[in-house]
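Contents: one structure, followed by commentary.
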Amino acid sequence: HPMGWDAFGMPAENAAIQHKSHPATWTYENIAYMRGQLKKMGFSYDWGRELATCDVDYYKWEQLIFLEMFEKGLAYKKNSFVNWCPKCETVLANEQVEDGCCWRCDSEVQQKELDQWFFRITAYADELLDYTYKLAGWPERVLTMQRNWIGRSTGCEIDFPLEGRMTKIKVFTTRQDTLFGATFMSLAPEHPLALELTAPGQREEVEAFIERVRKTDKAKRTADDLEKEGVFTGSYCINPVTNRRMPIYLANFVLLDYGTGAVMAVPTHDQRDFEFARKYKLPLQAVIEPPGEKLDPEAMTAAFTTEGVMVNSGQFDGLSNSEAKERIADYLEKEGIGKKTVNFRLRDWGVSRQRYWGNPIPVIYCDLCGVVPVPKSDLPVVLPMDAIFSGEGGNPLAKVASFNTVTCPQCGEVARRETDTMDTFVESSWYFLRYCCPDFAVGPLDKERAEYWMSVDQYIGGIEHAVLHLLYARFFTKVLRDLGYVNIDEPFTNLLTQGMVIKDGAKMSKSKGNVVDPNALVDRYGADTARLFSLFAAPPEKDLDWSDQGVDGSYRFLNRVWKLAYDTLPLVQEVPLLDPAALTDEGRVLRRAVHKTIKKVSEDIEDRFHFNTAIAAIMELVNTLQSFEPKNDARNTPVLKEALDSVVLMLAPFVPHFSSELWACLGHGEGLDRASWPDYDPEAVIDEELLVVVQVNGKLRGRITVPADATETLVKEVALADDRVKANIEGKTVRKVIYVPGKLLNIVVG
RNA sequence: GCCCGGAUGGCGGAAUUGGUAGACGCAAGGGACUUAAAAUCCCUCGGCCGCAAGGCUGUGCCGGUUCGAGCCCGGCUCCGGGCACCA
């Protein structure tokens with residue numbers, strides 16, 4: 001159970017700006033404090049494997065991995081947009097944009113195009129998707145979210161010739177069955193052809209539109225209730241199957257990131273296109289009709305998007321549209337108009353950050369040689385400590401001259417170092433692998449040790465990581481496999497997604513700063529009470545609204561156990577070996593309770609991680625033990641001893657300090673950490689009598705006790721003899737009797 | 001908006017596979033002990049009716065399936081997470 005610190009990132013840089021200090025100072029101080037908190041709580045981490053991702057001994061290996069990904073084409077550069085504050089002259093994270101304005105100076109945020117580094121996660125899209133069906137130890141909801149995120153869809157790429165030019169516009173669609181109804185074309189405003197296609201007379205209007213759309217954030221742009229807006233470019237393309245002239249528009253709801261950034265618009269069968277067409281008075285052509293009905297495009301109030309019969313589609317008329325989907329796809333391939341293709345919603349992972357507190361991307365730019373990777377022998381590229389943090393003027397790293405100016409490793413001329421650092425998700429994508437060999441000095445991973453430990457038996461993390469972190473970690477593992485570092489396909493065999501701790505209506509997090517310091521609880525009640533209370537509050541996968549109401553109860557419970565043990569101690573000093581046959585009836589009942597509890601607690605811990613119910617079961621046993629009488633009957637003292645020992649052993653994982661102390665007091669020579677988890681005796685948990693619930697027409701009318709081996713006939717007999725049951729079926733005919741063995745009997749009368 | 005979850009007493013939660021709704025704990029009220037307080041112990045504790053036995057009702061809302069629904073199905077409401085630069 002290793003522990004480490006994912007330590008790069010924006011919060012440290014913000015704190016440095018705020019406190020006029022250095023992110024490294026802030027980070028290492030926090031690490032020291034948090035390490036103290038964890039140790040105080042008595043967590044059994046393997047501190048010999050501790051690492052911090054901001055240590056050069058960690059991030060230098062990440063630089064090596066980056067270079068190897070670059071060699072394989074898995075790391076590449078392309079243009080993309082960032083939030084830009086013109087006043088602070090800095091790139092803003094999405095979190096730093098509030099209502100389209102800079103969180104620091106309130107200036108209107110712009111979209112700025114930058115050349116940035118990307119990881120080709122899309123090359124692994126199919127594998128990442130396929131393995132979601134093989135991760136049996138993962139919660140289904142996480143797998144569902146990942147599948148939807150990857151968003152594989154099959155459809156066609158179709159080429160639309162441009163009027164008066166030699167080039168074509170490529171479109172991706174899953175609805176090739178509606179191709180004959182495509183009456184215009186919508187492009188993303190960022191589409192590379194957007195300006196090129198703009199007629200001279202339209203230029204001003206188009207440029208203004210592009211500028212306006214760029215300012216809207218993406219979540220708003222994909223919302224269904226977005227007001228559909230567009231602008232005509234003045235150009236046309238040709239529908240390849242109908243030869244219809246299709247005006248080309250730019251539309252605010254079309255995204256460059258999805259498909260090809262161009263959409264063939266079929267207003268009759270797509271709601272967004274429908275709204276757009278009505279607004280700009282564009283033609284409609286129905287090509288699918290509900291069976292036995294005619295569609296009048298003029299009279300439609302919404303697009304018809306369900307299954308139907310093909311019309312106005314030439315040779316495909318009369319087919320069901322699902323069949324036409326296949327036939328039209330085949331036709332397009334045969335005619336060379338388009339081809340069947342698979343599209344993913346998943347996009348490549350942009351890893352460039354224009355920030356200081358991150359892992360420097362090991363690349364050099366030379367006027368003569370272009371992009372030159374830092375030679376592996378020159379690694380690490382060490383993050384310089386002499387930077388200034390003002391929050392303005394962009395990346396502090398770009399102003400450190402000693403860092404920036406280098407000689408080109410290829411030609412020896414003066415060159416410039418990359419000042420972008422990597423997304424901190426990169427560090428968290430492989431740290432668990434480094435835990436196998438944190439001291440390995442000649443490479444990122446010692447293959448032998450990585451093979452020994454991997455994959456992670458039990459990974460634990462917040463549900464908020466369901467998609468991004470957990471998908472990146474899976475991707476990175478596959479990349480490292482293909483680079484020859486590991487021999488596993490997936491990093492995490494079993495996954496437990498913890499619920500979040502909610503404080504003041506939002507998740508408790510270091511970036512929000514609404515955290516509760518466990519030290520206060522530890523100081524007041526001790527570590528064991530703090531541990532017991534947190535585990536008792538809720539099962540781990542559930543969100544928890546933080547409140548320390550109830551912590552007194554955990555404290556009282558431990559005091560009761562302590563007192564019980566001390567009061568019972570004189571009676572169990574020298575007890576004979578337990579002989580189940582020698583017990584009194586009361587002793588046998590107590591022993592059954594002990595062994596049933598061991599069974600339940602073991603299962604709750606091991607199968608479900610439901611520590612709250614495990615603790616509740618131990619509390620019940622302690623209650624039973626407290627009221628057990630007579631305690632001083634010599635025939636029962638062996639079972640008293642067994643009960644006490646079991647309680648202490650079962651409490652050990654939750655309250656280790658407390659339990660160790662009690663264990664020694666109970667006279668065990670060997671320490672608790674050497675003791676085995678108790679086993680339950682299958683004989684001892686068998687009930688002699690069973691409680692059967694009796695219902696009449698599904699309503700509870702009685703409870704009867706029968707011998708454990710009672711037959712259905714006997715149970716019915718006893719039930720029908722019950723006064724309350726009798727009263728409820730009197731004067732009615734018994735129509736049916738349902739018996740759930742040993743549990744329930746339902747008498748249906750009418 | 002889209003994707004994924006959640007909703008059970010005054011509160012945290014339990015009910016593991018469709019079979020006793022409310023385990024365990026907190027808070028509250030009552031009592032014992034004490035000169036007093038703290039601590040501890042005992043009792044009550046979903047709602048309505050009833051002296052009681054018991055009856056009716058109740059798991060966000062509306063509807064359905066079933067002998068039986070907190071759990072399954074359809075339709076909603078509200079809350080939370082994610083939406084690619086918070087991590």
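Letters A, B, ... mirror the listed sequences (proteins, then strands); counts begin at 1.
Comparing C85(B), A14(B), G81(B) by their closest approach to the side chain of Gln116(A) singles out C85(B). Distances were taken from every side-chain heavy atom of Glu95(A) (C-beta onward) to each of C86(B), U20(B), G12(B); the shortest belongs to C86(B). Closest to the side chain of Phe536(A), from the set G5(B), G12(B), A87(B), is G12(B). Of the candidates G55(B), A23(B), C85(B), the closest approach to any side-chain atom of Val82(A) belongs to C85(B). In the set C86(B), C4(B), A84(B), C86(B) carries the atom at the smallest distance from any side-chain atom of Met10(A). Nearest nucleotide to the Met619(A) side chain, out of U57(B), G13(B), C24(B): C24(B). Relative to the side chain of Arg608(A), the nucleotides C83(B), C4(B), A15(B) differ in distance, and A15(B) lies closest. Here the nucleotide nearest the side chain of Asp604(A), chosen from U57(B), C24(B), U16(B), is U16(B). The side chain of Arg556(A) sits closest to A27(B) out of G81(B), A27(B), G12(B). If you check C86(B), G13(B), C67(B) against the side chain of Ala538(A), the one that comes closest is G13(B).
Protein atom CZ of Phe557(A) is 18 Å distant from nucleotide atom C1' of A39(B), rounded to whole Å. One atom, CG of Asn612(A), and another, P of U8(B), lie 16 Å apart when rounded to the nearest Å. Straight-line distance from the CG atom of Leu564(A) to the P atom of C41(B): 11 Å, rounded to whole Å. Regarding Asn30(A), its CG atom lies at a distance of 15 Å from the C1' atom of A87(B), rounded to whole Å. Note: CD1 (Ile605(A)) to C1' (U16(B)) measures 15 Å, nearest angstrom. Straight-line distance from the CD atom of Glu541(A) to the C1' atom of U16(B): 12 Å, rounded to whole Å.
Residue Arg735(A) places no side-chain atom within donor-acceptor reach of the base of C67(B), judged by atom type and a 3.5 Å distance cut-off alone. For Gln354(A) and C85(B), a side-chain-to-base donor-acceptor distance below 3.5 Å is present, hydrogens and geometry of angles not being considered. Side-chain atoms of Glu13(A) and base atoms of C86(B) include no donor and acceptor less than 3.5 Å apart. Scanning atom types as modelled, one donor and one acceptor separated by under 3.5 angstrom connect the side chain of Lys600(A) and the base of U16(B). Under 3.5 Å, the side chain of Asn746(A) and the base of C67(B) form at least one donor-acceptor pair of N or O atoms.
Under the Watson-Crick or G-U wobble criterion, with both distances below 3.5 Å, G58(B) is left unpaired in every strand shown. Base pairing of G18(B): no nucleotide in any strand meets the Watson-Crick or G-U wobble criterion (both distances under 3.5 Å). With a cut-off of 3.5 Å on both pairing distances, the Watson-Crick or G-U wobble partner of U44(B) is A28(B). Pairing for A7(B) goes to U77(B), judged as Watson-Crick or G-U wobble with the two contacts each under 3.5 Å. Base pairing of U34(B) is not made with any nucleotide, judged by Watson-Crick or G-U wobble geometry with both donor-acceptor distances under 3.5 Å. Searching all strands for a Watson-Crick or G-U wobble partner of G1(B) with both distances below 3.5 Å returns C83(B).
Applying the ring pair (Phe, Tyr, Trp, His ring centres under 6.0 Å) test between Tyr472(A) and each of Trp349(A), Trp430(A), Phe119(A) identifies Trp349(A) as the sole match.
Not one side-chain nitrogen or oxygen of Arg345(A) sits closer than 4.0 Å to the OP1 or OP2 atom of C3(B). Applying the 4.0 Å criterion to OP1 and OP2 of C4(B), one finds that Arg147(A) has every side-chain N and O outside that range. Regarding contacts with the backbone of C4(B), a side-chain N or O of Asn148(A) is found under 4.0 angstrom from either OP1 or OP2. Between Asn14(A) and C86(B) there is no side-chain N or O to OP1 or OP2 distance below 4.0 Å. Contact annotation: Thr613(A) does not reach the phosphate of A14(B) (side-chain N/O to OP1 or OP2, under 4.0 Å). Remark: Arg560(A) is in phosphate contact with G25(B), judged by side-chain N or O atoms under 4.0 Å from OP1 or OP2. Here Lys736(A) reaches the OP1 or OP2 of C67(B): one of its side-chain N or O atoms lies under 4.0 Å away. At the phosphate of C85(B), OP1 or OP2 sits under 4.0 Å from a side-chain N or O atom of Arg353(A).
Within 4.0 Å (heavy atoms only), Arg724(A) reaches sugar-phosphate atoms of the nucleic acid but no base atom. Using a 4.0 Å heavy-atom criterion, one finds that Gln96(A) contacts no nucleic acid atom at all. Looking at heavy-atom distances under 4.0 Å, Ser352(A) makes contact with a base. Phe425(A) comes within 4.0 angstrom of a base, heavy atoms only. Within the nucleic acid shown, Val740(A) comes within 4.0 Å of at least one base atom, counting heavy atoms only. Across all strands, His465(A) comes closer than 4.0 Å to base atoms (heavy-atom distances). The residue Lys563(A) sits apart from the nucleic acid: no heavy atom pair falls under 4.0 Å. Contacts of Gly350(A) with the nucleic acid, taken as non-hydrogen atoms under 4.0 Å apart, involve only primed sugar atoms and P, OP1 or OP2. Leu346(A) comes within contact range of at least one nucleobase, with a heavy-atom separation under 4.0 Å.
Comparing A69(B) with C51(B), their P atoms sit 32 Å apart, to the nearest whole Å. The gap from the P atom of C72(B) to that of C4(B) amounts to 16 Å, rounded to the nearest Å. Here the separation of C24(B) from G63(B), taken at their C1' atoms, is 36 Å to the nearest Å. Comparing the P positions of U20(B) and A36(B) gives a spacing of 48 Å, expressed to the nearest Å. Look at the C1' atom in both A7(B) and G22(B): the space between them is 16 Å, to the nearest Å.
Checking Tyr472(A) against Leu691(A), the closest nucleotide of RNA chain B that is more toward the 5' end is the one next to Leu691(A). Residue order along RNA chain B, read from the 5' end via each residue's closest nucleotide, puts Val142(A) first among Ala537(A) and Val142(A).
Glycosidic conformation of G54(B): anti, with the torsion beyond 90° of 0.
Using cut-offs of 30° and 60° for the angle between ring planes, the Phe609(A) and Phe611(A) rings count as tilted. By the 30° and 60° cut-offs, the orientation of the rings of Tyr59(A) relative to Phe8(A) is tilted.
The closest donor-acceptor contact from the side chain of Gln146(A) to the backbone of Ala466(A) lies under 3.5 Å.
Between atom CG of residue Leu700(A) and atom CD of residue Gln695(A) there is a gap of 6.5 Å, rounded to the nearest 0.5 Å.
Geometrically, Arg120(A) engages Tyr76(A) in a cation-pi contact, judged by NZ or CZ lying under 6.0 Å from the ring centre and within 45° of the ring axis. Under a cutoff of 6.0 Å and an axis angle of 45°, Arg147(A) and Tyr133(A) form a cation-pi pair. Geometric assessment of Lys478(A) against the ring of Tyr124(A) yields a negative cation-pi assignment under the 6.0 Å and 45° thresholds.
Atom NZ of Lys563(A) has 12 or fewer heavy atoms from other residues, nucleotides or ligands within 6.0 Å.
Nearest heavy atom pair, residue Asn697(A) against residue Val749(A), reads OD1-N, 2.9 Å.
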